[in-house]
Amino acid sequence: MSLTRKHYPFPEFESRWQKYWLESNAFRAANPGDPDFRPEANKYFVLDMFPYPSGDGLHVGHVEGYTATDILARYHRLRGDNVLHPMGWDAFGLPAEQYAIKTGQHPRVTTQRNIDNFRTQLQSLGFSYDWSREISTTDPGYFRWTQWIFLQLYGAWFNPATCKAEPISTYEGNDPDSVRLAFVSDKLVNWCPELGTVLANEEVVEGKSEVGGFPVVRRPMRQWMLRITAYTERLIADLDGLDWPESIKLLQRNWIGRSEGAEVRFGLEGFDESITVFTTRPDTLFGATYLVLAPEHPLVETITAADQTEAVTSYKNSCSAKSDMERTDLAKEKTGVPLGVSAINPVNGEMIPVWIADYVLTGYGTGAIMAVPAHDERDHEFAVTFSLPIREVIRPDEPRNEKNQGCFSGEGTAINSPTIEGLRTPEAKHKMIAWLNEEGFGKGAITYKLRDWLFSRQRYWGEPFPIVWENGSHRPLAAEELPVEPPEMDDFKPTGTAEPPLSKASEWVSYSETARRELNTMPQWAGSCWYYLRFCDPKNNNRFIGEEVEQYWMGSNSRPGGVDLYVGGTEHAVLHLLYARFWHKVLFDLGHLTTPEPFQRLVNQGMILGDDGQKMSKSRGNVVNPDEVVAEYGADALRLYEMFMGPLEHGKPWSMTGVEGVYRFLARVWRMAMTENQEGNWVLSEDLTEQELTNAQRRVLHATIKKVTQDIELLSFNTAISQMMIFTNEFTNAKPRPLDALRLFLPLLSPFAPHLVEEIWSKLAVKHEGFKGLASQSAWPAWNEEFLVVNELTYAVQINGKVRGHLTVPTSADHESVEKAAFADASLAPFLEGKEVKKVIVVPARLVNIVVAV
RNA sequence: GGCGGUGUAGUCCAACGGCAGAGACAAGCGACUUAAAAUCGCUCCAGUGUGGGUUCGAGUCCCACCACCGCUACCA
């Protein structure tokens, strides 16, 4: 639609108010110790997932989440709370560096430009951030503390006795480097040749890099790791106390992937060594007909029979040459090679063959399994491929049918298993584990899918490690030496080898005559692991966060989480949220924080789709640019539309005509207060007067206050807006219009459409009482239940669940009189004639249901 | 394949287990206007993806299936 004339003059006032709010520090949050700090006020910390400032600029998806939190922030301010609502930039990372390499510009330059663009865009939407707290992860004053936190991890270990992190000084063993929470490992890592860097498991999607989609291969490299696996139990257990969507909790639990089972030791014929396998089904031990090792299993070298060496070596080579992607592609067909050696099943002394196969993963469990082809689908497939024996040891509860034919992996009753014959699966497991313990062949065990966090990258645009190497060993820099800034470099391209680009800055590399700096940098996740803490105290040069400030903003009477509300997309459900929880717990254990969890309440906004119902993408050409919507309809209309589209958590398609709808609503609100004079100027409406509201008006007004208040708390913005539309429909045509209605209504609308309300508020203030100061600093109104009461209620009268009539009774009528009135209703007589009444149900204020015999 | 979410008028979406409709979009009619736009008013439209079950009563709870979306993928 092209607008010859705007329905209300938003271009004239939106940017004016944005400027005014900014210059008057209208949304500044006071810290304890500040002169204007109000100790009696409740704190409310409402946080957005800060954006990666990409060159594409702000997306309508950002606007959705940011509007939701802005509504909450503004609402809580009107309720008198001390609201912390900050914004910053997650600005280190691969895309900036790749763009820099492509264009030949330094990433600092492009990053700064993108940040400036994002800030302008956010400010043009009227978000009430406290901009004095703006932070960027690339700022040395910020990453100094990211490095400091790394030193905390480096200087700590997880004490299994206390089940928490402690300073490494409390460790009494002789190899502290083997227990640090930040440690060096030479294990297999995900190496992406195209990006020239290693990646965390979480950054590898279907065998390809999450960024760019390039193939990833596994190779051994010396890397920094963080011991997140020490926290698996607490990361699972502490989810219980959080107000997070169950689906996100489940995602995290599944990602951590706790499995209870047993480790079982199989002896090897002709060797002193034995093979330990992990199984979740020790009750199927009698059904194990072969063992499988991961191709990379260290025992393979030792135990392979001479006549199999060639086949085994060639199989191993073919596996390591395959990228993860190829391994996944070939998943349909099982491959493997026998080692020519037999293992001894401890339960019955049976000799079973040992194989290697790439369907067994080296990083999970013990890297070895006992195969029970009758009761595991993968083992079954493998056994069929290689004609290995299949022996049933579980009888399903239901007879065999199409569904559980071939391979039954459920629970049932143990058969063909002398020591546990006839036992149900849970008891059978239990008894088998007890037996393994007694005989020394194994024990109960728990494993997790979660691996330690690969924490180093071969990139330029990231935080350098505060570590130097001397005589082949690492040592930390002193806290006073931070920040370690990356060197100025013109050529920061990947070297094409495993050598990081920082190796090219030879001066920077040499720390002293004998010491070299660590050349890797931290992954992008590092900066976002703790930014919510820095927002509390962004300029503190002595600590990553001041103690008193931390206790105030992150403290929470008896709840585990500090941040009151955290809103962002589901894409961070496992990675960012798990990493941040981990760091938080370490800092908590070390006494730096007061709560064990960072985020008390989490809400994931749904994805906004294009108007074709598809995901927005440049190639589909269905991307909506927020700047264009703001230009045409204004910031308030964009904000309101995104909140009106549907429930915050749901995905929903964009509709430009829908924007027009809310835009027209805002114009109606404008015209409640303003009218156009003959010269075509907007002036205050003469219809506004000081007068009592009618009962009906008062009822609508208070119903609106109630509904909007409750819906904001529930984040049900779409229904809150619909109630405000009802209010507007009621009052637009009222002549004269009572000013009291606007006094109470405008604050309700102000979190949603702050510019419009601020403008009307200031216009009204010129002539009328009760519109002092800024609308965004006024007070949230309260509703009065008394005004909601009506004199009469209409009941639906049902006979056997079918509506047969209606009944109007005084509100004060009790059950009995309602029931009586229903039977007195002549129009129901035909339905009741000669029938026996069996039951009468009266639902207060709703209906009467008369149940009669048929 | 596994897990999670969602299916309600032409469309987006509302409905503590209680009369399927709050709001909006689109469509149509009317008022205003020389006319149009804008504005205002009115009207139209579904029995809730399918099949069972629980209940006095089911869009809502339970079971099975179907469709779409998201996440995940040999984790023993």
Side-chain angles (χ1 to χ4, degrees), chain A residues 3-5 7 205-207 245-248 250-251 253-255 257 259 261 277-281 284 292 327-328 330-332 334 357-361 363-372 375-379 381-382 409 447-451 570-571 573-574 604 606-607 609 611 613-615 641 644-647 649-662 664-665 667-668 671 676 707 716 718-726 728-729 732-733 794-806 838-852:
Chain A
L3 296 167
T4 50
R5 189 168 51 106
H7 298 191
V205 180
E206 293 175 2
E246 273 312 311
S247 59
I248 300 296
L250 200 62
L251 275 177
R253 287 194 192 99
N254 289 346
W255 190 266
S259 290
V277 305
F278 173 76
T279 177
T280 54
R281 294 294 298 269
T284 62
V292 188
R327 270 169 84 150
T328 312
L330 296 172
K332 299 149 217 155
K334 291 273 184 289
D358 65 0
Y359 83 93
V360 174
L361 307 175
Y364 182 78
T366 60
I369 62 154
M370 64 178 210
V372 185
H375 304 293
D376 181 281
E377 283 176 30
R378 295 149 301 183
D379 298 344
E381 200 187 322
F382 191 83
S409 56
T447 61
Y448 305 89
K449 283 202 251 182
L450 185 71
R451 317 290 159 84
T570 340
E571 66 272 22
V574 279
N604 290 114
M607 194 183 301
L609 307 168
D611 55 10
Q614 301 290 108
K615 199 169 169 170
Y641 171 65
F644 189 57
M645 291 173 84
E649 301 89 334
H650 289 188
K652 51 236 158 201
W654 186 269
S655 154
M656 227 24 125
T657 53
V659 183
E660 283 180 44
V662 293
R664 286 205 284 265
F665 159 69
R668 276 207 296 284
R671 290 197 307 272
E676 212 168 7
K707 178 85 175 144
S716 296
N718 53 332
T719 50
I721 292 166
S722 120
Q723 179 64 40
M724 289 191 281
M725 288 172 169
I726 295 171
T728 309
N729 293 341
T732 321
N733 295 315
T794 301
Y795 281 73
V797 184
Q798 298 181 331
I799 311 288
N800 286 350
K802 287 204 171 67
V803 179
R804 298 299 189 188
H806 288 89
K838 301 183 84 170
K839 198 174 183 181
V840 179
I841 291 133
V842 177
V843 182
R846 298 250 174 218
L847 58 69
V848 182
N849 189 12
I850 301 170
V851 184
V852 298

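The model shown is predicted, which means the values in this text are computed figures rather than measured ones.
- In this structure G59(B) sits in the anti conformation; its chi angle is more than 90° from 0.
- Among the heavy atoms of the strands, none lies under 4.0 Å from Ser655(A).
- Note on Phe665(A): nothing from the nucleic acid sits closer than 4.0 angstrom, heavy atoms only.
- Annotation for Met370(A) and Thr284(A): closest pair CE-OG1, 3.6 Å, computed over non-hydrogen atoms.
- For His806(A) and C19(B), a side-chain-to-base donor-acceptor distance below 3.5 Å is present, hydrogens and geometry of angles not being considered.
- Nucleic acid contact class of Ile726(A) (heavy atoms, under 4.0 Å, all strands): sugar-phosphate only.
- A donor-acceptor pair is defined here as one N or O able to donate and one able to accept, closer than 3.5 Å; such a pair exists between the side chain of Asn849(A) and the backbone of Gly801(A).
- Only the C1' atoms considered, C65(B) is 26 Å distant from G57(B), to the nearest whole Å.
- With sequence neighbours left out, Glu649(A) forms a side chain to side chain contact (heavy atoms under 4.5 Å, CB included) with Val603(A), Pro647(A).
- At a threshold of 4.0 angstrom between heavy atoms, the contacts of Asn733(A) are confined to the sugar-phosphate backbone, with no base atom among them.
- In this structure, Arg846(A) places its CZ atom 17 Å from C1' of C56(B), rounding to the nearest Å.
- Contact check, His650(A) against G5(B): no side-chain N or O comes under 4.0 Å of OP1 or OP2.
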| request: Give the intermediate values and the outcome of side chain to side chain contact (heavy atoms under 4.5 Å, CB included) for residues Lys707(A) and Thr719(A). | output: CA-CA 8 Å; Lys707(A) 178 85 175 144; Thr719(A) 50; 4.1 Å; yes
| said: As a quick check of understanding, evaluate side chain to side chain contact (heavy atoms under 4.5 Å, CB included) for Ile369(A) and Asp376(A), giving each step before the final call. | reply: CA-CA 11 Å; Ile369(A) 62 154; Asp376(A) 181 281; over 6 Å; no
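- Counting all heavy atoms, side chain and backbone alike, Arg668(A) lies closest to Thr728(A) at CB-CG2, 3.9 Å.
- Using C1' as the reference atom, G28(B) and G17(B) are 38 Å apart when rounded to the nearest Å.
- Ranking A22(B), C16(B), A76(B) by closeness to the Ile369(A) side chain, first place goes to A76(B).
- Map Val851(A) and Leu847(A) each onto its nearest nucleotide of RNA chain B; the residue landing nearer the 5' end is Leu847(A).
- Lys652(A) comes within contact range of the sugar-phosphate backbone alone, with a heavy-atom separation under 4.0 Å but no base atom that close.
- Out of U6(B), G23(B), U39(B), the shortest distance to the side chain of Met725(A) is found at G23(B).
- Rounded to whole Å, the distance from CG on Asp358(A) to C1' on C74(B) is 9 Å.
- For Lys838(A) and C56(B), a side-chain-to-base donor-acceptor distance below 3.5 Å is absent, hydrogens and geometry of angles not being considered.
- Looking at heavy-atom distances under 4.0 Å, Gly365(A) makes no contact with the nucleic acid at all.
- If you check C40(B), G23(B), A14(B) against the side chain of Ser722(A), the one that comes closest is G23(B).
- Distance check on atom P: C12(B) versus G7(B) gives 11 Å, rounded to whole Å.
- In this structure, CG of Asn718(A) is placed 9 Å from P of C13(B), rounded to the nearest angstrom.
- Applying the 4.0 Å criterion to OP1 and OP2 of C19(B), one finds that Tyr795(A) has every side-chain N and O outside that range.
- Counting only heavy atoms from C-beta on, Asn849(A) has its side chain closest to C56(B) among A76(B), G41(B), C56(B).
- Look at CD on Glu571(A): it is 19 Å from P on G5(B), rounded to the nearest Å.
- Among A76(B), C13(B), U39(B), the nucleotide with an atom closest to any side-chain atom of Arg664(A) is U39(B).
- With C12(B), C40(B), A76(B) as the candidates, the nucleotide lying closest to the side chain of Arg671(A) is C40(B).
- On the C1' atoms, U54(B) is 11 Å away from C63(B), given to the nearest whole Å.
- Annotation: salt bridge (Lys or Arg N to Asp or Glu O under 4.0 Å) contacts of Lys652(A) (sequence neighbours excluded): Glu64(A).
- When distances run from any side-chain atom of Gln798(A) to the nucleotides A24(B), C19(B), C13(B), the shortest one goes to C19(B).
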| task | Give the dot-bracket string for RNA chain B, reading 5' to 3', where a pair is Watson-Crick or G-U wobble with both distances under 3.5 Å, ( ) marks pairs inside the strand, [ ] marks pairs crossing earlier ones, | marks a partner on another strand, and . marks unpaired. | result | (((((((..((((....[..).))).(((((.......))))).....(((((..]....))))))))))))....
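- Comparing C44(B) with U34(B), their C1' atoms sit 31 Å apart, to the nearest whole Å.
- Using modelled atom types, one side-chain atom of Tyr641(A) and one backbone atom of Ser655(A) make a donor-acceptor pair closer than 3.5 Å.
- Using modelled atom types, one side-chain atom of Tyr795(A) and one backbone atom of Ala845(A) make a donor-acceptor pair closer than 3.5 Å.
- Distance check, rounded to the nearest 0.5 Å: CZ of Arg671(A) to NE2 of His7(A) gives 8.5 Å.
- What separates CE of Met656(A) from P of C12(B) is a distance of 17 Å, to the nearest Å.
- The same atom, P, is picked in A26(B) and in U39(B); the two are 10 Å apart, to the nearest Å.
- Distance, Trp255(A) CH2 to G4(B) P: 18 Å, rounded to whole Å.
- Distance CG (Leu609(A)) to P (C13(B)): 9 Å, rounded to an integer number of Å.
- Tyr359(A) carries Lys334(A) over the face of its six-membered ring, with the cationic atom under 6.0 Å from the centre and within 45° of the normal.
- In the set U72(B), C16(B), A76(B), the nucleotide with an atom closest to the side chain of Val843(A) is C16(B).
- If you check every strand for non-hydrogen atoms under 4.0 Å, Ser259(A) touches sugar and phosphate atoms only.
- RNA chain B is contacted by both Leu250(A) and Lys839(A); Leu250(A) maps to the nucleotide lying nearer its 5′ end (nearest heavy atom per residue).
- Atom-to-atom, CH2 of Trp654(A) to P of C69(B) comes out at 22 Å; the value is rounded to the nearest Å.
- Closest to the side chain of Thr719(A), from the set C71(B), A73(B), A22(B), is A22(B).
- Using atom C1' as the reference point in both C69(B) and G51(B), the two lie 24 Å apart (nearest Å).
- Across all strands shown, Ile841(A) has heavy atoms under 4.0 Å from base atoms, whether or not it also approaches the sugar-phosphate.
- Nearest to the side chain of Thr280(A), among A76(B), C25(B), A22(B), sits A76(B).
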